[in-house]
Every structure is written in C-alpha cells, then in structure tokens.
Amino acid sequence: MARSILITGASAGIGRAVAARFLADGWITGLVARRQTLLEEIAAGQDRAVVLAADVTDPEAVARVFGTFAARAGRLDVLFNNAGIFTPAAPIDEIPLEDWHRARAVNLDAMVYCAREAFGQMRRQSPQGGRIINNGSISAQSPRPGSMSYTTTKHAITGLTKTLSLDGRPFDIACGQIDIGNARTDLLQGIIDAAEARGDAPPPTMDVAQVVEAVAYMASPPPEANVQFMTVMATKMPFIGRG
C-alpha cells in the first residue's frame with residue numbers, strides 16, 4: 001500500500017512545493033487549504049491526490065478532513081502541520097487584537113486541531129503509529145522585530161512538538177519540528193519586492209527546494225527513529241538561535 005501524507009496549507013508556498021514532491025514520490029497526498037480551485041490545480045492528473053478544501057480554524061471541518069482522508073487512504077502515515085499566517089509587524093501596543101486573534105487561530109489553534117485529529121487516527125489505526133511534522137519557523141527560536149503574534153504562536157508550537165513526542169511514545173507516534181528561515185515563496189517574494197522598491201537590500205533567502213528536501217527526509221525514517229528538530233535557513237540570515 002502506498003504511504004499517505006496530509007498537508008495543511010497546501011495551496012501555496014511551502015505546502016504546495018512539499019505536496020508536489022510527495023505526489024511525485026507516489027504518496028497518497030491529502031491537500032488541505034481553503035481555496036479549492038488552487039488545490040484542484042495541484043491535483044490535476046494526479047490520481048493519488050485528495051482535495052480536502054476546508055478552514056483549519058474550524059475544528060468540525062478539521063475532523064471531517066481527517067475522516068475523509070483516512071477513508072480514502074486507508075491510514076494516515078504523516079501529517080505535515082504547515083498552515084500559518086503572518087500579520088502586520090508592530091510593537092505589541094500597536095497590534096490590533098483582531099490580528100492577534102487571527103494569528104492565534106491559524107498558527108496555534110488550527111495546528112492543535114490538526115495534531116489532535118492526526119494523533120487520534122494514528123493511535124486507532126492498525127498497525128498503530130505515524131509521524132507528525134510541525135512547521136515551527138525560525139521565529140520559534142528567535143524573534144524578528146514587531147513579530148509578537150507570530151513569534152508567540154510559533155514558540156507555542158515548540159511546546160506542542162515536545163508534548164506530542166512524549167505522549168506519542170506508547171503509540172509509536174513520532175513528532176518533529178522544522179524551523180524554516182526565508183525560503184523563497186510567493187509570500188517572501190512580495191517582501192523582497194517591497195524592500196527593493198524602497199531601495200533597501202533584500203533579505204537573504206534560499207530556494208524552497210531545500211525545505212522540500214528537509215521535509216521529505218523528516219518523513220522518511222523508520223518508526224524507531226525521529227528527527228526531533230531541524231532548522232533550515234538562508235545562510236546569511238541574522239539569527240540568534242536556541243538559547
């Protein structure tokens with residue numbers, strides 16, 4: 001039976017690039033995002049692609065996604081818990097509470113909903129077990145200026161990863177986290193273009209293919225091995241790292 005992976009935030013950026021890789025490698029690949037038309041573009045001509053349009057901030061929608069995918073694939077081997085958003089940068093007292101609530105809903109609540117459903121599915125299936133890969137970000141280690149909402153939610157993901165790693169042991173469920181810095185995606189390209197328009201030096205970046213390779217590696221070990229944390233970043237990024 002082909003291995004299976006479910007990818008949130010699959011319609012663009014890192015999620016889309018990772019989805020293309022796993023489809024090319026023959027995995028049954030669940031594509032989760034709100035924009036169905038973009039998911040259908042990725043799935044075109046791919047009989048192992050499963051389009052699962054949903055809002056991951058809705059726990060009932062998330063439960064339906066995992067139920068539908070498990071029924072189609074037979075089991076869930078890997079979750080790439082990837083969906084996330086940036087909100088405008090500002091000091092904490094200038095950040096609208098609506099921006100904080102939006103960031104928390106996608107970057108933390110939705111990742112908990114997805115991890116919860118994946119953990120339950122992996123615990124129930126036979127043979128038992130699986131792997132959850134959380135997208136943490138460099139901001140899970142070191143903040144950027146004005147990034148309270150994003151940095152706070154991404155630090156919380158590190159706690160989620162550590163807890164799932166511990167709680168998953170009796171059920172052969174492994175959990176790891178990839179912390180990514182400045183992969184060139186459409187979103188980062190907008191930041192680059194804005195910097196150049198201001199006459200500023202663009203930020204250091206790396207090809208998103210490096211992230212794809214890292215996620216593929218994290219998904220590949222046998223059950224007795226786990227990549228707990230991996231940092232993949234542009235070499236010249238200013239960075240403090242884990243203290």
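What's counted below: heavy atoms across the whole structure, side chains too, no hydrogens, waters or symmetry copies. Predicted, not measured: the structure shown is a model, and the values here were computed from it.
In this structure, the side chains of Ile180 and Met233 stay at 4.5 Å or more apart for every pair of heavy atoms. Contact annotation: the side chain of Met206 never approaches that of Thr235 to less than 4.5 Å [non-hydrogen atoms, C-beta and beyond]. In this structure, Ile28 and Arg3 have side chains that are not in contact, with every pair of non-hydrogen atoms separated by 4.5 Å or more. Residues Phe229 and Thr158 meet the side-chain proximity criterion, which asks for heavy atoms closer than 4.5 Å. At least one side-chain heavy atom of Arg123 sits under 4.5 Å from a side-chain heavy atom of Gln128. Residues Leu164 and Lys162 have side chains not in contact (no heavy-atom distance under 4.5 Å, counting atoms from C-beta outward). Contact check for Ile7 versus Val32: no side-chain heavy atoms found under the 4.5 Å cut-off. Considering only heavy atoms from C-beta on, Ile5 stays 4.5 Å or farther from Leu76 through its side chain.
The structure places CZ of Arg102 at 12.5 Å from CG of Leu97, a figure rounded to the nearest 0.5 Å. The CG atom of Leu166 sits 11.0 Å away from atom SG of Cys175, with the distance rounded to the nearest 0.5 Å. Note: Thr152 OG1 to Lys154 NZ = 12.5 Å, rounded to the nearest 0.5 Å. To the nearest 0.5 Å, atom OG of residue Ser11 and atom CD1 of residue Ile42 are 6.5 Å apart.
When every heavy atom of Asp99 is checked against every heavy atom of Pro88, the shortest pair comes out as OD2-CD, 3.5 Å. Residues Ala110 and Val106 share a closest heavy-atom pair of CB-O, 3.4 Å. Of all non-hydrogen atoms in Val56 and Cys114, the two that sit nearest each other are CG1-SG, 4.2 Å. Residues Ala43 and Val51 come closest through the heavy atom pair CB-CG2, 3.6 Å. Here the closest non-hydrogen pair linking Ala2 and Gly26 is CB-O, 3.6 Å. Nearest heavy atom pair, residue Thr153 against residue Ala103, reads CG2-O, 4.0 Å.
Residues forming a side chain to side chain contact (heavy atoms under 4.5 Å, CB included) with Pro145 (at least two apart in sequence, or on another chain): none. Residues passing the side-chain hydrogen bond (donor to acceptor under 3.5 Å, both in side chains) test with Thr87: none are found, sequence neighbours excluded. Applying the side-chain hydrogen bond (donor to acceptor under 3.5 Å, both in side chains) rule to Thr205 yields the partners Arg184; only residues at least two apart in sequence or on another chain are considered. The side-chain hydrogen bond (donor to acceptor under 3.5 Å, both in side chains) search around Arg72 returns none, not counting sequence neighbours. For the salt bridge (charged side-chain N to carboxylate O under 4.0 Å, His left out) test, residues two or more places apart in sequence or in another chain that qualify with Asp25 are Arg21. For Arg169, there are no salt bridge (charged side-chain N to carboxylate O under 4.0 Å, His left out) partners at least two apart in sequence or on another chain. For Arg75, the side-chain hydrogen bond (donor to acceptor under 3.5 Å, both in side chains) partners are Asp77, not counting sequence neighbours. Listed by chain and residue number, Val62, Ala63, Phe66 satisfy the side chain to side chain contact (heavy atoms under 4.5 Å, CB included) test with Glu117 (two or more places apart in sequence, or in another chain).
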Worked check of side chain to side chain contact (heavy atoms under 4.5 Å, CB included) between Ile157 and Met111: CA-CA 8 Å; Ile157 296 308; Met111 291 188 76; 3.6 Å; yes

Given the rule in the side chain to side chain contact (heavy atoms under 4.5 Å, CB included) test, do Leu31 and Leu52 qualify, once you have shown the distances and angles that lead to the verdict? CA-CA 6 Å; Leu31 308 172; Leu52 299 161; over 6 Å; no

Could you walk me through whether Asp109 and Thr57 satisfy the side chain to side chain contact (heavy atoms under 4.5 Å, CB included) test, starting with their C-alpha distance in whole Å, then the side-chain angles of each, then the deciding distance to 0.1 Å, before giving a yes or no? CA-CA 7 Å; Asp109 292 347; Thr57 67; over 6 Å; no

His101 vs Glu98, test: side chain to side chain contact (heavy atoms under 4.5 Å, CB included). Steps then yes/no. CA-CA 5 Å; His101 294 153; Glu98 292 80 1; 5.5 Å; no

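No continuous path of hydrophobic side-chain contacts links Ile178 to Leu6 [ILVMFWY only; heavy atoms under 4.5 Å]. Two different hydrophobic clusters hold Leu160 and Met230 under the rule that ILVMFWY side chains link at heavy-atom gaps under 4.5 Å. Put simply, Val18 and Val232 are part of the same group of oily side chains (I, L, V, M, F, W, Y) that touch within less than 4.5 Å, one to the next. Note on Leu39: it does not cluster hydrophobically with Val50, by side-chain heavy-atom contacts below 4.5 Å among ILVMFWY residues. Tracing side-chain contacts under 4.5 Å through hydrophobic residues (I, L, V, M, F, W, Y), one reaches Val112 starting from Ile173; they form part of the same cluster.
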Can you list, pair by pair, the side-chain donor-acceptor contacts under 3.5 Å of residues 129-139, counting residues two or more places apart and other chains?
residue, atom, partner, partner atom, Å
Arg131, NH1, Ala225, O, 3.2
Arg131, NH1, Asn226, OD1, 3.1
Arg131, NH2, Pro221, O, 3.0
Arg131, NH2, Pro222, O, 3.3
Arg131, NH2, Ala225, O, 3.2
Asn134, OD1, Asn81, ND2, 3.1
Asn134, ND2, Thr161, OG1, 2.9
Asn135, ND2, Asn82, OD1, 2.8
Ser137, OG, Ser139, N, 2.9

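Listed by first and then second residue, the ring pair (Phe, Tyr, Trp, His ring centres under 6.0 Å) pairs involving residues 69-93 are Phe86-Tyr150 (not counting sequence neighbours). Residue pairs meeting the ring pair (Phe, Tyr, Trp, His ring centres under 6.0 Å) criterion with at least one member in residues 5-45, sequence neighbours excluded, are Phe22-Trp27. Identified under the side chain to side chain donor-acceptor pair (under 3.5 Å) test for residues 41-53, with sequence neighbours left out: Arg16-Glu41.
Within a 6.0 Å radius of CD in Glu60, no more than 12 heavy atoms belonging to other residues, nucleotides or ligands are found. Counting heavy atoms of neighbouring residues, nucleotides and ligands inside a 6.0 Å radius, atom CD1 of Ile92 does not exceed 12 of them.
No donor-acceptor distance shorter than 3.5 angstrom exists from the side chain of Ser147 to the backbone of Pro143, with no hydrogens or angles considered. No donor-acceptor distance shorter than 3.5 angstrom exists from the side chain of Arg104 to the backbone of Trp100, with no hydrogens or angles considered.
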